[in-house]
Amino acid sequence: MTNKIIFSLVMAVSFQWSLSAQDVHFTRFYDAPTTLSPAKTGDYLGTFRAGGIMRDQNYNLSHIYLTPAGYVDAPIIRGFRQNHWVGVGLTFLMDRAGAAGLKNASFGASAAYHIGFNKKMTSYLSVGISYALAARSIADREKAIFEDGLINSIPSVDIDNINDQKVNYGFFSGGAQYTAALPNDGNIKAGFAMLYLNRPRNGILKTGGIRLPIRTNVYATADASVADRIDILPALYFATMAGQRDMALQFQGGYRLNPRKGQRVMAGLGYRFGDAIQVLAGMDIKNTRIGLAYDITVNDIRPTGALEISVSHIFMIYKKPKDNPVILCPRI
């Protein structure tokens, strides 16, 4: 069977596959922190943070595979001790796949408790939990193509079994992360998260909903200074869901254009095992980060790849000091 036929078959049944084990993934997973793990909520120094990421898979196919996400989070109060703090956040995630317009959208709230192990906060443990309300729907079920419809050249018998109404559900997620400081403001982070802990039903077939399998994310990132103005930023990502595995290894180098102003450019490569070479680039401008990624597919199907763009900013709001005037009484 030629690569073209294989590609046609896979594209045709991708709608059917997405009803069960497939789930969202980002090449720049660290730029979608609260979708990766609720433990990353409020995991930074600042007043509040806002960001977004957009993934366009096979973008020359009329942009029928789009995944945007946005988030805002903040460390709001101290915890039980002076070196503890609590972070809360909101996350929006949407995924649209296929010509039939299969759409998954969710809006969730997360909270994390961060436990510092020393006064300088050079290492700490974060534990988080989230709950999201989600909906799954299909825009035009007549455009859904199943494997039997492709082989027999007639509409599939499964088309009439697709529910025209939205399927609403909610799910819990939890995670933990360990952070350790490195010299020159560097750090290393490692953690895991488990999504869909309550295994909600989200199938859109009339014959019954499919329970979502639990998804596990495992990740590690580092930002380390190795020379004057030169940093390295390795990253590891692994996810598993219903027996499907997704693993990526990345390495970026960074050059600090102006350390005092927080200006840095970054570039590197990654590999998503069995699927794609990842071309990575980004820039830090003080508290703003801009990221780009392009996936060059290397599997037998060989579609056009994926393009990602992300941006985030940490807002710093300082309180004005209260004046405490001292009145001097001159001697007479």
Side-chain angles (χ1 to χ4, degrees), residues 18-26 29-44 48-49 51-53 67-77 79-80 84-95 97 102-115 124-137 163 165-179 189-205 208-220 237-246:
S18 61
L19 296 180
S20 54
Q22 227 176 26
D23 205 25
V24 171
H25 73 272
F26 291 106
F29 58 91
Y30 32 77
D31 287 346
T34 53
T35 67
L36 178 67
S37 172
K40 298 186 78 66
T41 305
D43 177 31
Y44 61 91
F48 71 95
R49 174 177 62 178
I53 186 170
T67 308
Y71 62 92
V72 58
D73 65 331
I76 54 170
I77 57 174
F80 296 108
H84 296 189
W85 78 96
V86 177
V88 297
L90 299 173
T91 303
F92 169 77
L93 177 65
M94 194 271 282
D95 180 50
L102 177 66
K103 184 170 73 171
N104 292 275
S106 65
F107 183 79
S110 59
Y113 192 86
H114 307 270
I115 305 169
Y124 55 91
L125 176 68
S126 306
V127 180
I129 189 171
S130 67
Y131 180 77
L133 294 174
R136 168 171 275 201
S137 62
N163 194 343
Q165 304 298 318
K166 286 185 178 180
V167 177
N168 300 310
Y169 60 99
F171 62 90
F172 288 94
S173 303
Q177 175 184 276
Y178 175 74
T179 301
K189 298 177 182 290
F192 74 94
M194 299 184 73
L195 286 60
Y196 316 122
L197 289 172
N198 56 323
R199 297 201 60 198
R201 293 186 181 275
N202 77 332
I204 62 172
L205 297 180
I210 299 174
R211 285 195 176 275
L212 268 174
I214 293 176
R215 170 175 172 169
T216 302
N217 295 335
V218 180
Y219 61 91
Y237 169 80
F238 176 80
T240 180
M241 184 178 182
Q244 303 297 314
R245 293 176 175 83
D246 184 13

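V72 approaches F48 most closely through the heavy-atom pair CG2-CD1, 4.2 Å. Closest non-hydrogen pair, A135 versus N168, comes out as CB-OD1, 3.3 Å.
Without hydrogens or angle criteria, R199 side chain to L212 main chain gives a donor-acceptor distance under 3.5 Å. A side-chain donor-acceptor contact under 3.5 Å links D73 to the backbone of G42.
Among residues two or more places apart in sequence or in another chain, the ring-ring contact (aromatic ring centres under 6.0 Å, His included) test is passed with F238 by none. Partners of Y113 by ring-ring contact (aromatic ring centres under 6.0 Å, His included), not counting sequence neighbours, listed by chain and number: F80, H84. A search for salt bridge (charged side-chain N to carboxylate O under 4.0 Å, His left out) contacts involving D95 returns nothing, not counting sequence neighbours. Contacts of P75 classified as side chain to side chain contact (heavy atoms under 4.5 Å, CB included), with partners at least two apart in sequence or in another chain: Y44, W85. For F171, the ring-ring contact (aromatic ring centres under 6.0 Å, His included) criterion is met by Y196, not counting sequence neighbours.
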Under 3.5 Å, which donor-acceptor pairs do the side chains of residues 32-41 form with other protein atoms, sequence neighbours left out?
{"unit_1": "T34", "atom_1": "OG1", "unit_2": "T91", "atom_2": "OG1", "d": "2.7"}
{"unit_1": "T35", "atom_1": "OG1", "unit_2": "A32", "atom_2": "O", "d": "2.7"}
{"unit_1": "S37", "atom_1": "OG", "unit_2": "A39", "atom_2": "N", "d": "3.1"}
{"unit_1": "K40", "atom_1": "NZ", "unit_2": "Q177", "atom_2": "OE1", "d": "2.8"}
{"unit_1": "T41", "atom_1": "OG1", "unit_2": "P38", "atom_2": "O", "d": "2.8"}
{"unit_1": "T41", "atom_1": "OG1", "unit_2": "S110", "atom_2": "OG", "d": "2.8"}

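Ring planes of Y131 and F172: tilted class, angle from 30 to 60°.
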Quiz item: Given D31 and F26, is the side-chain contact (heavy atoms from CB on, under 4.5 Å) satisfied, shown in steps?
Solution: CA-CA 9 Å; D31 287 346; F26 291 106; over 6 Å; no
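Tested against D43 for a side-chain hydrogen bond (donor to acceptor under 3.5 Å, both in side chains), the candidates R49, K189, H114 yield a single pass: K189.
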